[in-house]
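One-based numbering, in listed order, for ligands and for the atoms of each.
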Amino acid sequence: MSHTIAAVSTGNQISAIGIIRLTGDDCIAVAAKVFTLYNGKPLSKAPSRKLCLGELHDKDGRVIDQCMAVCSHAPHSYTGEDTVEFHCHGSPAVLAAGLEALYIAGAKPAKRGEFTKRAFLNGKLELTQAEAVIDLIEAETADAAANAAGQVGGVLQKKLSPIYDELTNLCSHFHAVLDYPDEDIEDFGLASYEKSLRAAAKSLYSLLQTYGQGRILRSGIAAAIVGKPNVGKSSLLNALAGYDRCIVTDIPGTTRDTVEETVMLGNHRLRLIDTAGIRDTADTVEAIGVERSKKAVEDADLVLFVCDGSKPLTDEDEAIIDLCCEHQNAVALINKSDLGSAVAPSDLPFMNVIHICAKTSEGLDQLADVLDVLFETQTPCDGSILTNTRQFDACRRAYEAMLRSLQGLKLGLTPDAVLTDVEEAMEAMGEVTGATVREDITARIFERFCVGK
Ligand code: GDP
């Protein structure tokens, strides 16, 4: 018997409609204590998944709201249990009063993600689907939402299941032969084991390769803005952000730390990092900033090198160019185009060079076009992209164990030694699919959710 939980699912702001949600074996009986249908019938007789008009009231009969109730009977509901939703007027005060009345009627406050956790525990969602629900709620771009929606629909699970099944087959066959040597079981076919393990490892590797794209989908493109002091890095960040995020002065070295800001440029979400001017410095505070800038370039998905186009390049510029031009995705921005051009694109060893004016935002649309080329999505955003760090880590461990078992087969290790690695791979894959996931991990997964989901 699962106890009834209740929560507001629509957040705590004024809106046209606000939803209170209940789930649990006796939730319809709990809801009936505070809701009376206008058609005079008991709530337990309300048709499943149909909105019915009535009155939400407290235990003393004081009316809280005139609203709609919808009952979904187990197992045909999100959680797999009986559920009730009240579609109220979206005033936080109304919703709080409705919730309070439900608590008095016997419901308990829902914990974070408890509705989705119950859906998972009741077999309504696979773990990858449940995890994608939070990604869908938090998606900030259309591509991220499309990928998460695909995963809620089971696309990722469909990719993982055959790999998990293959490992299960191998394990069971190994066990059968090892544990029942007298039975007439087809003996080890080393070549066929190797073939199926290799195929499974290859599929998993293709999935792991999508994670770079997935990371960008989840967190945006990490873009480091680098250049010597006073070339207009902070002005560029402000122009991209659309407001003055950074202090802009003409005193070199005013940006002493890295400043982060997430902005949209065209279809791209950029996590901009304005680094302190990269230059050799005796000033300790600034020297720490310089180190961070170098690290930012190393960690960045995109490097935006900025120079002052109104003055010829200096040795200081050249040193920074050396630091960034080898980055896979580096773009040179010749700034201050309004002040004339002392720097030509041919002076810069970059494949992508754009004249910009951070003061007027001129040239930024061209930057958006370049990003379209550099970050063109390789894998369709239909759920096929691995975005979740936990899933990536488990898949990587599974992949490594599969490689070890392949190596073991090649070296002619004993079947039980090979089996250990196959089992380890299976265990790691099970953490992703939910087949072997530990309770503490499950708890942590659902803690990421908001209350009411
Ligand atoms: P940072 O030290 O590289 O971050 O440079 P800032 O953004 O602080 O800019 C340094 C100076 O250059 C400020 O006085 C800005 O107003 C000026 N500046 C930045 N971009 C432009 C531009 O496109 N045109 C002109 N004329 N001045 C600019």
Side-chain angles (χ1 to χ4, degrees), residues 221-263 265-266 270-300 302-325 327 330-345 347-348 350 352-371:
I221 299 168
I225 306 177
V226 289
K228 68 180 187 190
N230 235 21
V231 292
K233 297 182 299 298
S234 305
S235 305
L236 171 65
L237 187 138
N238 288 343
L240 288 165
Y243 70 101
D244 286 350
R245 170 70 173 80
C246 297
I247 310 158
V248 174
T249 68
D250 49 10
I251 308 158
T254 43
T255 306
R256 297 221 157 180
D257 204 345
T258 48
V259 177
E260 280 203 39
E261 179 74 25
T262 300
V263 303
L265 180 63
L270 296 182
R271 206 151 37 81
L272 292 172
I273 303 144
D274 177 16
T275 61
I278 295 182
R279 59 173 188 172
D280 286 331
T281 171
D283 181 320
T284 352
V285 180
E286 210 180 318
I288 295 168
V290 171
E291 266 318 301
R292 285 206 195 142
S293 302
K294 286 187 179 163
K295 178 98 177 61
V297 170
E298 278 166 27
D299 294 346
L302 168 72
V303 173
L304 299 172
F305 164 73
V306 186
C307 64
D308 181 344
S310 68
K311 295 173 188 155
L313 295 173
T314 65
D315 289 349
E316 219 176 330
D317 286 306
E318 298 292 353
I320 301 165
I321 289 169
D322 287 345
L323 193 74
C324 12
C325 70
H327 193 282
V331 180
L333 302 171
I334 306 177
N335 190 29
K336 309 195 187 182
S337 60
D338 55 320
L339 299 180
S341 66
V343 180
D347 297 334
L348 296 162
F350 290 81
N352 299 291
V353 183
I354 305 167
H355 283 282
I356 63 157
C357 175
K359 250 189 172 163
T360 60
S361 297
E362 221 180 284
L364 296 187
D365 43 356
Q366 241 174 298
L367 177 58
D369 294 342
V370 168
L371 298 190

_Can you check which of Leu237, Asp338, Ile356, Val231 brings a heavy atom nearest to atom 26 (N) of ligand 1?_
Asp338
Can you find a pair of side-chain heavy atoms, one from [X] and one from [Y], that are under 4.5 Å apart?
X      : Y      : result
Leu348 : Ile334 : yes
Ile356 : Leu367 : no
Asp308 : Asn230 : no
Leu364 : Leu236 : yes

*Would you indicate whether Asp322, at its atom CG, is surrounded by more than 12 heavy atoms from other residues, nucleotides or ligands within a distance under 6.0 Å?*
yes
*Under 3.5 Å, N or O to N or O, is Ser235 touching ligand 1 that way?*
yes
*Polar-atom distance check: Ala358 versus ligand 1, any N or O pair below 3.5 Å?*
yes
Would you mind running through ligand 1 and noting each atom that sits below 4.0 Å from a heavy atom of [X]?
X      : value
Cys357 : 23 (O)
Asn230 : 1 (P), 2 (O), 3 (O), 5 (O), 10 (C), 11 (C)
Lys233 : 1 (P), 2 (O), 3 (O), 4 (O), 5 (O), 7 (O)
Leu339 : 26 (N)
Asn335 : 19 (C), 20 (N), 21 (C), 23 (O)

_Using every non-hydrogen atom in the two residues, find where Arg271 and Thr262 come nearest and quote the distance to one decimal._
CG-OG1, 3.8 Å
*Side chains of Thr314 and Asp317: donor-acceptor distance under 3.5 Å anywhere?*
yes
*Any heavy atom of Gly227 sitting closer than 4.0 Å to ligand 1?*
no
